[in-house]
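Small disclaimer: the values here were computed from a predicted structure and weren't measured.
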Amino acid sequence: MMTFKQLEALFWIVQAGGFSQAAARLHTTQSAISKRVHELEEMFETPLFDRTQRSAKLTAKGEEMFLVAKRLLEQRDVAIEQFQRPEVLVRRIRIGVTELTAMTWLPRLVSAIQAHYPKVIIEPDVDVSLALRDKLFADDVDLMIVPQVFEDQRLVVKRVGVVENVWMCKPGLVKAGRNLRMQDLANHRLLTQDDRSGTGQLYNRWLQSIGIQPENTILSNSLVTLIALTISGMGVSYLPKNCLQQMIQAGALQVLPIKPTLPLASYAAVYRADRKSTFISAVATLAQDHCDFGTIFQTA
């Protein structure tokens, strides 16, 4: 009788890129993975992997079996989620988030997931948007919460909230005025996020659209780094206004009233369209309900 453990072994060898990687993903040994594949091959009396290749390359029949395994495992997961009560659902979820979410409302989301699914193991992964997208397609995360900049039919996108970013600097660095325009920042260094960041992509495109091509810049994919550099007087940066109110009120940062104002940054919970999961969809809905970029390190 074919088992789900055997199918999982085959599936993750292909998805993860090898026998040892599949063993790590399934929390078992490489010999156990090899044994499960061997059992499948004996059952159907056909090799599933080409042993003449150094890498884990499927045979023609192996390709067919992989598609069968993928379909059956998806159907198993859907059935478990559909018929098992939330309070007894046992599984894990890997949630990719950027720094801003990690610094603000991630504890609220984790608390909400634990309340609804107490047996679910939650694994947050903090990274830049582009890396999280790649991890999503590689099955290294199940869901990501990032700026809404990816247009891809392979993704399900649920908007969770918006962030108001404004230009800030160390008080006194820029002579404030009522009619400051982007051109007035030409003599100052701009501290911006690079294109690995969803926010960086959004505002780099926006600057180009209004004809601004800054020459004196420091690029970083870290929001924490940009905040520190801005406070130290290294330049002018766009930063999230609401969650930095305490620093603004304390005199560590100054908001610059520059026209045109920066567009709002929409954030979304994103997961793969080919991963049909009522659980992942429910977690995305929880993200919509608990999104709040208003305070740094807010408690659940």
Side chain to side chain contact (heavy atoms under 4.5 Å, CB included) between Arg36 and Leu26: does it pass, once the steps are laid out?
CA-CA 12 Å; Arg36 294 172 192 176; Leu26 294 173; 4.2 Å; yes
Grab the two heavy atoms, one from Val255 and one from Ile248, that are nearest each other, plus how far apart they are.
CG2-CD1, 3.6 Å
Between the side chain of Thr104 and the main-chain N/O of Leu100, is any donor-acceptor distance below 3.5 Å?
yes
Correct closest heavy-atom pair for Ala56 and Gly18 would be CB-CA, 4.3 Å
Which heavy-atom pair separates Ala252 from Pro171 by the least distance, and what is that distance?
O-CD, 3.5 Å
Non-hydrogen atoms of Pro124 and Leu106 that approach each other most closely:
CB-CD2, 4.1 Å
Ignoring hydrogens and angles, write down the donor-acceptor pairs under 3.5 Å from the side chains of residues 57-65, residues two or more places apart or on other chains.
unit_1, atom_1, unit_2, atom_2, d
Thr59, OG1, Pro47, O, 2.8
Thr59, OG1, Leu48, O, 3.4
Thr59, OG1, Gly62, N, 3.0

When every non-hydrogen atom of Thr230 is compared with those of Gly235, the smallest separation belongs to CG2-O, 4.0 Å
Separation between CD (Glu99) and CE (Met103), nearest 0.5 Å, reads 7.0 Å
Which value, rounded to the nearest 0.5 Å, describes the distance between Ser220 atom OG and Arg196 atom CZ?
8.0 Å
Scan for side chain to side chain donor-acceptor pair (under 3.5 Å) pairs involving residues 116-128, sequence neighbours excluded, and state none if there are none.
Arg92-Glu123, Asp125-Lys135, Asp127-Lys135
If only side-chain N and O atoms count, and only distance matters, is there a donor-acceptor pair under 3.5 Å linking Arg205 with Gln201?
yes
Do we see a donor-acceptor contact under 3.5 Å between the side chains of Glu41 and Thr46?
no
Is it true that the side chains of Thr29 and Ser31 contain a donor and an acceptor less than 3.5 Å apart?
yes
For salt bridge (charged side-chain N to carboxylate O under 4.0 Å, His left out), just list the numbers for Glu8 and Arg76, CA-CA rounded to whole Å, side-chain angles, deciding distance to a tenth of an Å, and then say yes or no.
CA-CA 11 Å; Glu8 284 179 329; Arg76 177 203 63 179; 2.9 Å; yes
What pairs of donor and acceptor atoms, side-chain ones from residues 139-150 against any protein atom, are under 3.5 angstrom apart with sequence neighbours left out?
unit_1, atom_1, unit_2, atom_2, d
Asp139, OD1, Arg275, NE, 3.3
Asp139, OD1, Arg275, NH2, 3.4
Asp139, OD2, Gln15, NE2, 2.7
Asp139, OD2, Arg275, NH2, 2.5
Asp140, OD1, Arg25, NH2, 2.7
Asp142, OD1, Arg94, NH2, 2.7
Asp142, OD2, Arg94, N, 2.8
Asp142, OD2, Arg94, NE, 3.1

Distance (rounded to the nearest 0.5 Å) between Thr225 OG1 and Leu219 CG
12.5 Å
Test item: Val236 and Val174 side chains (from C-beta on) under 4.5 Å apart, heavy atoms
yes
Would you call Gln75 and Leu72 a side-chain contact if the rule is heavy atoms closer than 4.5 Å?
yes
Determine whether Tyr238 and Met168 satisfy the following criterion, side chain to side chain contact (heavy atoms under 4.5 Å, CB included), listing intermediate values before the conclusion.
CA-CA 6 Å; Tyr238 47 74; Met168 298 190 199; over 6 Å; no
Proximity of Phe66 and Phe49 rings by center, below 6.0 Å
no
Donor-acceptor pair, side chain of His290 and main chain of Leu286, under 3.5 angstrom
yes
Spatial distance of atom CD1 (Ile227) from atom CD1 (Ile231) [nearest 0.5 Å]
7.0 Å
Quick check: is Leu73 connected to Ile93 through a chain of hydrophobic side chains (ILVMFWY, heavy atoms under 4.5 Å apart)?
no
Are more than 12 heavy atoms from other residues, nucleotides or ligands located less than 6.0 Å from atom CD of Gln246?
no
Under a 3.5 Å distance rule, please check whether Glu42 uses its side chain to pair with a backbone N or O of Glu39 as donor and acceptor.
no
Kindly confirm or rule out a cation-pi arrangement of Arg91 over Phe279, judged by NZ or CZ under 6.0 Å from the six-membered ring centre and within 45° of its axis?
no
Would you indicate whether the side-chain heavy atoms of Phe293 and Asn242 approach each other to under 4.5 Å?
no
For the hydrophobic clusters of this structure (ILVMFWY residues joined by side-chain heavy atoms under 4.5 Å, transitively), does one cluster hold both Val270 and Leu130?
yes
Is there a path from Ile33 to Met43 through hydrophobic residues (I, L, V, M, F, W, Y) whose side chains come within less than 4.5 Å of each other?
yes
Any donor and acceptor pair, going by atom type alone, linking the side chain of Ser197 with main-chain N or O of Thr199 inside 3.5 Å?
yes
Give the intermediate values and the outcome of side chain to side chain contact (heavy atoms under 4.5 Å, CB included) for residues Trp167 and Leu262.
CA-CA 8 Å; Trp167 291 102; Leu262 291 160; 3.7 Å; yes
How about Leu264 and Asn165: do any of their side-chain heavy atoms sit closer than 4.5 Å?
no
What are the two closest heavy atoms between Asp184 and Leu180, and how far apart are they?
OD2-CA, 3.2 Å
Under 4.5 Å between any side-chain heavy atoms of Ser277 and Val283, yes or no?
no
Flag this pair as yes if the NZ/CZ of Arg159 is under 6.0 angstrom from the six-membered ring centre of Tyr267 and inside a 45 degree cone about the axis; otherwise no.
no
SG of Cys169 to CG of Leu256, rounded to nearest 0.5 Å, is 4.0 Å
Whether the side chain of Tyr271 engages the backbone of Val157 through a donor-acceptor N/O pair (distance < 3.5 Å, no angle test) should be reported.
no
With a 3.5 Å distance limit and no angle check, can you tell me whether Ser34 reaches the backbone of Gln30 through a side-chain donor-acceptor pair?
yes
Set out, in order, the CA-CA distance, both residues' side-chain angles and the distance that settles side chain to side chain contact (heavy atoms under 4.5 Å, CB included) for Ser237 and Leu229, then state yes or no.
CA-CA 9 Å; Ser237 184; Leu229 291 174; over 6 Å; no
Check whether the side chains of Lys158 and Ser281 place a donor and an acceptor atom closer than 3.5 Å, and report yes or no.
yes
Gln254 (side chain) donor-acceptor with Gly172 (main chain) under 3.5 angstrom:
yes
Tell me whether Val162 is reachable from Leu202 by hopping between hydrophobic residues (I, L, V, M, F, W, Y) whose side-chain heavy atoms are closer than 4.5 Å.
no
From Leu244 atom CG to Leu223 atom CG, the distance as rounded to the nearest 0.5 Å:
7.0 Å
With a 4.5 Å limit on heavy-atom distance, are the side chains of Ile258 and Leu185 in contact?
yes
Do the side chains of Ile122 and Leu109 get nearer than 4.5 Å, heavy atoms only?
no
4.5 Å side-chain heavy-atom contact, Leu132 and Asp134
no
